[in-house]
Amino acid sequence: MTKKVAVILSGCGVYDGAEIHESVITLLRLDQRGAKVQCFAPNIAQHHVINHTTGEEMPESRNVLVESARIARGEISDVRDLNAADFDALIIPGGFGAAKNLSDFAISGAACVVQPDVLAAAKGFAEAGKPVGLICIAPHLAAKIYGEGVSCTIGNDAGTAAALGEMGAQHVDCTVSEIVEDEQRKLVTTPAYMLAQSISEAAAGIYKLVDRVLELTH
């Protein structure tokens with residue numbers, strides 16, 4: 001039976017949205033494994049807009065859903081319409097958008113607040129016992145989705161790991177090509193560009209994450 005997977009994007013571009021390589025690798029692997037995919041994003045303004053050639057903030061406003069549609073080739077829906085009952089699994093790629101638009105973790109750290117529609121959608125998968133994959137910086141959402149004691153990884157960055165610990169997560173150090181699985185919660189995480197020095201390094205862990213998430217749907 002074809003598995004249906006929801007993918008939540010957070011804009012378009014590593015510094016202010018979804019990491020494009022991570023997003024495309026995720027979508028590619030899901031397609032290679034025969035999954036049916038629907039992309040979602042919150043219909044909200046981005047935290048800010050970054051010039052990706054200079055790293056400087058730009059004096060304009062962009063919409064997270066509209067920007068995410070660039071990656072999804074226009075096939076995208078508002079995350080408030082995401083119902084876990086319609087899907088077998090959920091995956092959220094990283095990029096600073098995950099920590100600026102899906103939550104304010106990049107600004108508030110352990111005291112962050114998750115965008116309400118994103119949190120409601122993700123909790124729906126957790127409460128239904130359906131597998132979830134979080135990539136790169138997106139595992140900072142784990143404790144907000146599952147509560148204290150959830151195991152996850154962002155690689156080995158001590159400061160970020162400490163913030164996750166303050167939020168109630170149990171951080172597990174992990175190499176770029178590996179995954180960490182919380183078996184009880186069916187949560188799979190991988191560092192990707194938290195550690196990756198190339199697109200192929202990022203792909204190694206993401207492929208394993210996608211494969212394991214799909215295995216957990218059976």
Side-chain angles (χ1 to χ4, degrees), residues 1-10 18-42 65 68 71-73 75-95 97-98 102-103 114-115 117-147 149-154 169 172 174 177-192 202-218:
M1 182 182 298
T2 300
K3 299 299 181 179
K4 295 180 65 179
V5 181
V7 175
I8 297 179
L9 301 175
S10 57
E19 213 296 322
I20 296 171
H21 292 179
E22 292 176 0
S23 301
V24 173
I25 291 166
T26 298
L27 296 172
L28 170 63
R29 188 59 171 175
L30 286 166
D31 186 66
Q32 288 175 336
R33 293 299 307 274
K36 181 178 174 63
V37 179
Q38 177 61 48
C39 292
F40 294 86
L65 179 65
S68 298
I71 297 174
R73 294 176 60 86
E75 294 295 323
I76 197 160
S77 299
D78 191 328
V79 74
R80 69 174 53 188
D81 297 324
L82 172 51
N83 186 342
D86 298 330
F87 294 89
D88 298 296
L90 169 68
I91 298 179
I92 306 179
L102 303 189
S103 82
V114 182
Q115 200 278 336
D117 298 327
V118 172
L119 184 59
K123 279 190 168 184
F125 284 87
E127 291 164 0
K130 295 183 176 182
V132 173
L134 302 176
I135 297 168
C136 189
I137 194 62
H140 81 272
L141 300 167
K144 296 291 187 178
I145 297 169
Y146 294 95
V150 61
S151 295
C152 61
T153 190
I154 47 78
V172 180
C174 181
S177 63
E178 295 302 322
I179 59 175
V180 168
E181 179 181 344
D182 186 316
E183 294 181 4
Q184 177 186 347
R185 297 170 176 84
K186 295 186 179 179
L187 172 68
V188 187
T189 54
T190 194
I206 293 172
Y207 274 27
K208 287 181 181 177
L209 178 142
V210 170
D211 290 352
R212 185 58 183 152
V213 165
L214 290 175
E215 288 171 0
L216 290 170
T217 64
H218 293 291

Determine all donor-acceptor pairs shorter than 3.5 Å in which one atom belongs to a side chain in residues 79-95; sequence neighbours excluded.
unit_1: Asn83; atom_1: OD1; unit_2: Ala85; atom_2: N; d: 3.0
unit_1: Asp88; atom_1: OD2; unit_2: Lys4; atom_2: N; d: 2.7

Return all side-chain donor-acceptor pairs below 3.5 angstrom for residues 209-217, not counting sequence neighbours, or 'none' if the list is empty.
unit_1: Asp211; atom_1: OD1; unit_2: Arg29; atom_2: NE; d: 2.9
unit_1: Asp211; atom_1: OD1; unit_2: Arg29; atom_2: NH2; d: 3.4
unit_1: Asp211; atom_1: OD1; unit_2: Arg33; atom_2: NH1; d: 2.9
unit_1: Asp211; atom_1: OD2; unit_2: Arg29; atom_2: NH2; d: 2.9
unit_1: Arg212; atom_1: NE; unit_2: Glu181; atom_2: OE1; d: 2.8
unit_1: Arg212; atom_1: NH1; unit_2: Glu215; atom_2: OE1; d: 2.9
unit_1: Arg212; atom_1: NH2; unit_2: Glu181; atom_2: OE2; d: 3.3
unit_1: Thr217; atom_1: OG1; unit_2: Leu214; atom_2: O; d: 2.5

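Looking only at distances, a side-chain donor or acceptor of Thr153 sits under 3.5 Å from a matching main-chain atom of Val172. Not one N or O on the side chain of Thr190 forms a donor-acceptor pair closer than 3.5 Å with the backbone of Ile179.
Counting only heavy atoms from C-beta outward, the side chains of Ser103 and Leu141 approach each other to under 4.5 Å. Side-chain contact check for Val7 versus Leu30: some heavy-atom pair is nearer than 4.5 Å. Contact check for Asp182 versus Tyr146: no side-chain heavy atoms found under the 4.5 Å cut-off. Taking 4.5 Å as the limit, every side-chain heavy atom of Phe40 sits out of range of all side-chain heavy atoms of Val118. Between Val37 and Asp31, every side-chain heavy-atom pair lies at or beyond the 4.5 Å cut-off.
Listed by first and then second residue, the salt bridge (charged side-chain N to carboxylate O under 4.0 Å, His left out) pairs that reach into residues 120-131 come to none, sequence neighbours excluded.
Rounding to the nearest 0.5 Å places OG of Ser151 at 9.5 Å from CD of Glu183. For the atom pair Thr189 OG1 and His140 NE2, the distance stands at 13.5 Å (nearest 0.5 Å). Taken from SG in Cys39 to CZ in Arg73, the straight-line distance is 12.0 Å, to the nearest 0.5 Å. Rounded to the nearest 0.5 angstrom, Asp117 CG and Ile8 CD1 are separated by 9.5 Å. How far SG of Cys152 is from CG of Leu134: 8.0 Å, rounded to the nearest 0.5 Å. With values rounded to the nearest 0.5 angstrom, Ser10 atom OG is found 7.5 Å from Ile71 atom CD1.
Residues Ala41 and Leu65 approach most closely at O-CD1, 3.6 Å, considering heavy atoms. Considering all non-hydrogen atoms of both residues, Pro191 and Glu178 come closest at CD-O, 3.7 Å.
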